[in-house]
Asker: 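Here's a structure for you.
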Amino acid sequence: MGSRKPSRRLDELSSAIFTEMAQRKREVAQKRDVIDLGIGSPDQPPAPHLIAALSEAVQRPDVYGYPGSEGSGAFRQEVAAWYQHRFGVGLNPEREVHALMGSQDGLAHFGMAWVDPGDIVLVPDPGYPIYAGSVHLAGAELYPLPLRADRGFLPDLVSIPVEICRRAKFMILNFPSNPVSAVAPLSFFDEVVAFAKQHDIIVVHDLAYSEMAFDGYRPPSFLQADGAMDVGIEFNSFSKSFNMAGCRIAYVVGNAEIIKPLAIVKSNVDYGVFAAVQEMAIAALRADRTGLVANPTSSLYQERRDRFLAALARIGWDIEPPKATMFVWAPVPPGWSSREFAFALLEEAGVVVIPGNAFGSEGEGYVRIALVQDSEILEEAARRIADSGILGRKQNQV
Ligand SMILES: *Cc1c(COP(=O)(O)O)cnc(C)c1O
């Protein structure tokens, strides 16, 4: 009894809202110019010294074999050296560092490595889509951790029912976070370690925005918390920190026993990151660690944040400035749903943003705006929003 129905896993995988937004965007773009602040992909190229390192590496005849999924010794040593320099965290490059083809790769495969049907995973809501995706792909269940403004978008660990804690195998955290652009103090990570030890739950921290923070703020590593190495791992990526999203390189660090099952899955599904790309990544960390080249990422996004939020404030839309990430998590004006407001911005102002509930039901009442255009274009987006008259519309009706 053959049938062409794809696996049930797929039903849970994609958010209908993303698909619908993309479709409407294509339709509107045929009629007018559209400013896309929806995508979470950096618009800048890597620094010249990184492109040079890649160009040099591709000339070498020895980089074209299967690289091996754990990453080269030199790559893992450089990651360990950078973690020591940046966070004061000591790592064993052999056992506590593993290369990834993007954090996405690590996150997508971590569920398969660790959970079975019947297990529970604690997932932030709203959260980056692959967190829930990883749980669905593994056939496990997720329990959402609401991130709400009144708690500074930190999950309330105490409110998780004991029965859920008993069945939970791991929890995912992400600070600075996408989409809510919130940050967590080290004291929160201390609380997480105590919670994880009490309930024997693995902690998976996604630190994709460690190098994209503003006003002198430097996001901590989860592994800086006392005892974190006993309970957790951390993903970090070159995509946002060094504008290398297309290069597909990242890594996981932390507890060796937690990394090992992920390494086994990966050694069966891929053969590693192109060796020339690993050389480029080594150059990025080394230049940053030795202070050879200043990383311009934070100052660029800080300027965009400041100019865009100033322009929005002038037209009456006041938004709390984020301390990190390339996202503005903006409350929608009274009277609108996230979805209605995002579609109105698209149709009437030609500005693409993502409705907050695309990232989970707790995202209702917000839209995510990505600062992935030059400041002038962001200011133009604010002008178009003002001209559309959307902001004042419902307030006048109420
Ligand atoms: C962009 C992003 C990633 C993606 O990382 P890759 O290394 O490019 O796969 C992971 N986590 C979050 C929260 C992100 O925003």
Side-chain angles (χ1 to χ4, degrees), residues 7-9 11-13 96 98 103 106-148 150-175 177 180 182 184-207 221-235 252-266 359-363:
S7 81
R8 255 168 282 145
R9 259 168 251 128
D11 299 342
E12 308 258 20
L13 210 50
E96 295 170 341
H98 197 286
S103 298
L107 289 160
H109 290 123
F110 192 80
M112 277 178 222
W114 273 99
V115 286
D116 294 304
D119 290 334
I120 283 182
V121 180
L122 309 178
V123 177
D125 177 2
Y128 186 57
I130 193 59
Y131 303 155
S134 180
V135 180
H136 293 314
L137 285 174
E141 285 167 48
L142 63 82
Y143 181 85
L145 302 176
L147 306 185
R148 296 183 181 141
D150 59 359
R151 292 188 42 87
F153 298 102
L154 300 177
D156 184 7
L157 303 177
V158 177
S159 72
I160 306 169
V162 177
E163 177 56 21
I164 298 294
C165 293
R166 207 179 51 71
R167 285 171 57 206
K169 206 93 170 264
F170 67 91
M171 69 188 301
I172 302 180
L173 296 173
N174 166 225
F175 294 103
S177 73
V180 302
L186 201 49
S187 58
F188 174 71
F189 291 153
D190 288 333
E191 216 182 291
V192 170
V193 171
F195 170 82
K197 290 196 170 180
Q198 184 189 348
H199 298 288
D200 197 15
I201 293 173
I202 291 169
V203 179
V204 174
H205 186 231
D206 182 9
L207 186 55
S221 161
F222 172 68
L223 300 179
Q224 282 172 255
D226 279 340
M229 281 296 272
D230 302 333
V231 297
I233 58 166
E234 185 160 83
F235 292 100
V252 57
V253 293
N255 184 289
E257 297 307 312
I258 300 174
I259 292 175
K260 201 180 287 170
L262 174 60
I264 293 171
V265 172
K266 279 184 53 60
F359 303 95
S361 58
E362 291 289 336

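Below, all heavy atoms of this structure are taken into account, side chains as well, without hydrogens, waters or symmetry copies.
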Asker: Is there side-chain contact between H98 and L262, with heavy atoms separated by less than 4.5 Å?
Answerer: no
Asker: Less than 4.5 Å apart, any side-chain heavy atom of F175 and any of L154?
Answerer: yes
Asker: Testing the basics here: between L137 and R9, what is the closest heavy-atom pair and its distance to 0.1 Å?
Answerer: O-CD, 3.3 Å
Asker: When you compare the side chain of F222 with that of V231, does any pair of heavy atoms fall below 4.5 Å?
Answerer: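 With C-beta onward as the side chain, the pair touches.
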Asker: Can you tell if the side chain of L142 reaches within under 4.5 Å of the side chain of H136, non-hydrogen atoms only?
Answerer: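 The answer is yes; the side chains approach within 4.5 Å.
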Asker: Tell me, do L122 and I164 make a side-chain contact under 4.5 Å, heavy atoms counted?
Answerer: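 The answer is yes; the side chains approach within 4.5 Å.
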Asker: When you measure from the side chain of D206 to the backbone N and O of N174, does any donor-acceptor pair fall under 3.5 Å?
Answerer: no
Asker: Any side-chain heavy atom of I233 sitting closer than 4.5 Å to one from F110?
Answerer: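 Yes, their side chains come closer than 4.5 Å.
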Asker: Closest approach of A228 and L223, non-hydrogen atoms and distance?
Answerer: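 Where A228 meets L223 most closely, the heavy atoms are CB-CA, 3.8 Å.
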Asker: Could you tell me which non-hydrogen atom of L173 sits nearest to which non-hydrogen atom of P155, and how far apart they are?
Answerer: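 Minimum heavy-atom separation between L173 and P155: CD2-CG, 3.9 Å.
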Asker: Side chains of residues 190-203: which donor-acceptor partners sit under 3.5 Å, not counting sequence neighbours?
Answerer:
{"residue": "K197", "atom": "NZ", "partner": "D230", "partner atom": "OD2", "Å": "2.8"}

Asker: Which pair of non-hydrogen atoms, one from L147 and one from F153, has the smallest distance, and what is that distance?
Answerer: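 So the minimum-distance heavy-atom pair works out to CD2-O, 3.4 Å.
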Asker: Does P144 reach the side chain of E362, with side-chain heavy atoms less than 4.5 Å apart?
Answerer: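 They are not in side-chain contact.
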Asker: Side-chain contact test, heavy atoms from C-beta onward, threshold under 4.5 Å: evaluate it for S134 versus V115 and give yes or no.
Answerer: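 S134 vs V115: side chains apart.
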Asker: Which heavy atom in Y131 sits nearest to a heavy atom in V123, and how many Å separate them?
Answerer: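 Between these two residues, the closest heavy atoms are CB-CG1, 3.7 Å.
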Asker: Mind checking ring pair (Phe, Tyr, Trp, His ring centres under 6.0 Å) for H205 and listing every partner two or more places apart, or none if nothing turns up?
Answerer: F189
